Structures are given as structure tokens and as C-alpha cells.
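Bear in mind that the values here come from a model prediction, so they are computed numbers and not experimental data. Below, chain A is the first sequence line, B the second, and so on; all start at residue 1.
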2 protein chains.
Amino acid sequence: MAQQHSCGCCSPTSAAPAAGATTPETTETTCYCPIDGVLGTVSKKYAMRIVAILGAAGPTRYGELQDRLKSASSATLSSHLDELADAELIERRSFDEVPPRVEYSLTPRGRELETRLQPLLEWASDETS
Amino acid sequence: MAQQHSCGCCSPTSAAPAAGATTPETTETTCYCPIDGVLGTVSKKYAMRIVAILGAAGPTRYGELQDRLKSASSATLSSHLDELADAELIERRSFDEVPPRVEYSLTPRGRELETRLQPLLEWASDETS
DNA sequence: CAGCATCCGAACCGATACTG
DNA sequence: CAGTATCGGTTCGGATGCTG
């Protein structure tokens, strides 16, 4: 998962080998590209939308999410929720009652993401032609 | 491409018949979801990185891009550049010389995107697990 | 140097059906 | 209600090889 490479977009001097140049292969610098981390998760088709919904509406049930993301099947939705929960961007809260109820909400970290996502989303809807 | 639908993440759901539950401030106007537009393009594997590179380094040649995005093959890179150019986020400038030279740079619109992308990227590298 | 064409595996996502 | 299992279609993207 935490793939390492030198993409040059995050670390400027990626071409230069580490000190000593003991490694002739010039394999990888210690550049970790953010895109491979959180941003990889975020680029999932519905990930941003889920974050946006949870950010705007607060704790939301599974069914309502599915309702809002009409084109997403339950399988797809589940996998997205899993991944977001794994990344600790959202939190899953399951209530012990019948019928079952599960609510998803943003973690503090997810809220930070949402903050940074907003301008992007707003701009995107403006630029939409 | 510019698919239209109501996802509920950008404007309250309108499609919900919800007997009696007439949403208070429902902008039932056709909801255009930004994710399907620019953000769709942006979620391409290297799109964000390209924008980030061009933003940080200014006009950049094809070869250098390929150099920085080591894992991207030329075919992949080309298709990304095409798509970004189509979306008018980047500009392709071809010089009439030998050997051929082509430079890519951000359009004003691309620069706006880059602006909104920065906080996200910065945060992502911090949050890197 | 820049970049398209092709092949092909991998990932993604929707539909359906079924469980706790 | 909240999922999981499975299947199949579609897209993505990496490798290679070839043009201008």
C-alpha cells in the first residue's frame, strides 16, 4: 500500500541519490507521494461525495447514504465505507437494536479532509459548464 | 461526459417522493454533481501530480514529466495530458524545432485548481501514514 | 524527443441474490 | 436495515514497439 517512489512532485530533488551515493541504482529517494496515501482513497468514485455528505449532514445512516448516492450499489458503497473507515476518515457506529442501525460520521481527521475538499468542490461546481 | 444526476451531495435530494416530507428548502433544480466534471478528470491516477508539478515548476517538457512520474508509461502520460488539455486545465505548447520540444503548463483555470489542490496535498503529506 | 497503437491484466463498479 | 457474495461489464493503466 505505502508504495514508495520518487515522483518529484512532492520532493524536489528526487533525482539526487542519498548521501554517500553508496547505492548505484539510484532507486528511490525517501519521497513519499501523498497521492498514494489518502488521496488514493479519496479518488474512489464516491469517496469525496461521502465525505461531503457526512460533513454537511453529520452522522448518517447506511440507508440514507445509499439513498443519496443513487447510482452506487450496496456492494460499492460498502467497499467505499470500509476504505474510508480504514483510513480513519470516517467512523462506523453500530447500535445494538432491532432493526439494526449503523451510522457513519467524520472523524476529526475526516473533518480536516472535508475542510480542504470544500473549496475544490465549490470551485468545481462553478467551473462546470 | 457531463452526466447529470441528483446525487444529493450537492443539493438536497429532490427525487425522493417522500410522501408529505416536502423538504423545506429543496432546490429541486437539477443537481449537477461536480465530481462528474472536473473532479472526474482530476481523480485520474496522475492528474493531481501533473497539476502539482506544473504549478510548482512552471512549463515542463514531456520528457521531464515522464521522468518525475516514473511509474507512468508514455501511453498513460499522454492520455492524462490529453484529458487535462481537453478540460483546459493545462496547455500544450509545441515548438517547431528539431529535435521536437513540447511544453505543458497550467492554464489560468488550471492554476485555480492548483490553488485549491495545495491545501489538500499539503495536508495529505502530513497525514501520511 | 514526443507520442500513438496494441495487447492484456488489474481495478472498479453495478446488479442481483442472499444472510444476520 | 445493513450488509456480504458473486458475477460480469467497463475502464484504467503498464509494457512494448513503432512513427514523425
J.: So which one's nearest nucleotide on DNA chain D is more toward 5', Ser74(B) or Tyr46(B)?
T.: Tyr46(B)
J.: Could you give all pairs that pass the ring-ring contact (aromatic ring centres under 6.0 Å, His included) test and reach residues 43-62 of chain A, with sequence neighbours left out?
T.: Tyr46(A)-His80(A)
J.: Mind checking whether Val38(B) and Leu120(A) have side chains closer than 4.5 Å, heavy atoms only?
T.: no
J.: Are Leu106(B) and Leu113(B) close enough, and set up right, to give a side chain to side chain contact (heavy atoms under 4.5 Å, CB included), and what steps lead you there?
T.: CA-CA 9 Å; Leu106(B) 293 182; Leu113(B) 171 59; over 6 Å; no
J.: Could I get the full list of side-chain hydrogen bond (donor to acceptor under 3.5 Å, both in side chains) partners for Gln66(A), not counting sequence neighbours?
T.: none
J.: Work out how much the helix from dC1(C)-dG20(D) to dG20(C)-dC1(D) bends between its end axes, five pairs an end, to the nearest 10 degrees.
T.: 40°
J.: Strictly below 4.0 Å, heavy-atom distances to any atom of DNA chain D: list the hits from residues 84-92 of chain A, or just say none.
T.: Arg92(A)
J.: Can you list the residues that meet the side-chain contact (heavy atoms from CB on, under 4.5 Å) rule with Ala57(A), with sequence neighbours excluded?
T.: Thr60(A), Arg68(A)
J.: Enumerate donor-acceptor pairs with a distance under 3.5 Å from any side-chain N or O in residues 83-100 of chain A to protein atoms, sequence neighbours excluded.
T.:
residue  : atom : partner   : partner atom : Å
Glu83(A) : OE1  : Lys44(A)  : NZ           : 2.6
Glu97(A) : OE2  : Arg101(A) : NE           : 3.2

J.: Show every ring-ring contact (aromatic ring centres under 6.0 Å, His included) that has at least one partner inside residues 97-118 of chain A, sequence neighbours left out.
T.: none
J.: What are the 5'-most and 3'-most nucleotides of DNA chain C lying under 4.0 Å from any heavy atom of chain B?
T.: dC1(C) to dA5(C)
J.: Name the residue closer to the 5' end of DNA chain D, choosing between Ala75(A) and Arg101(A) according to the nucleotide with the nearest heavy atom.
T.: Arg101(A)
J.: Run the side-chain contact (heavy atoms from CB on, under 4.5 Å) test against Pro119(B) and tell me which residues pass, sequence neighbours left out.
T.: Arg116(A)
J.: Could you tell me from which nucleotide to which nucleotide of DNA chain D, 5' to 3', there is an atom under 4.0 Å from chain B heavy atoms?
T.: dC12(D) to dG20(D)
J.: Just to verify, what does Ser73(B) make a side-chain contact (heavy atoms from CB on, under 4.5 Å) with, not counting sequence neighbours?
T.: Ala75(B), Thr76(B)
J.: What residues, two or more places apart in sequence or in another chain, satisfy side-chain hydrogen bond (donor to acceptor under 3.5 Å, both in side chains) together with Gln118(B)?
T.: Glu114(B)
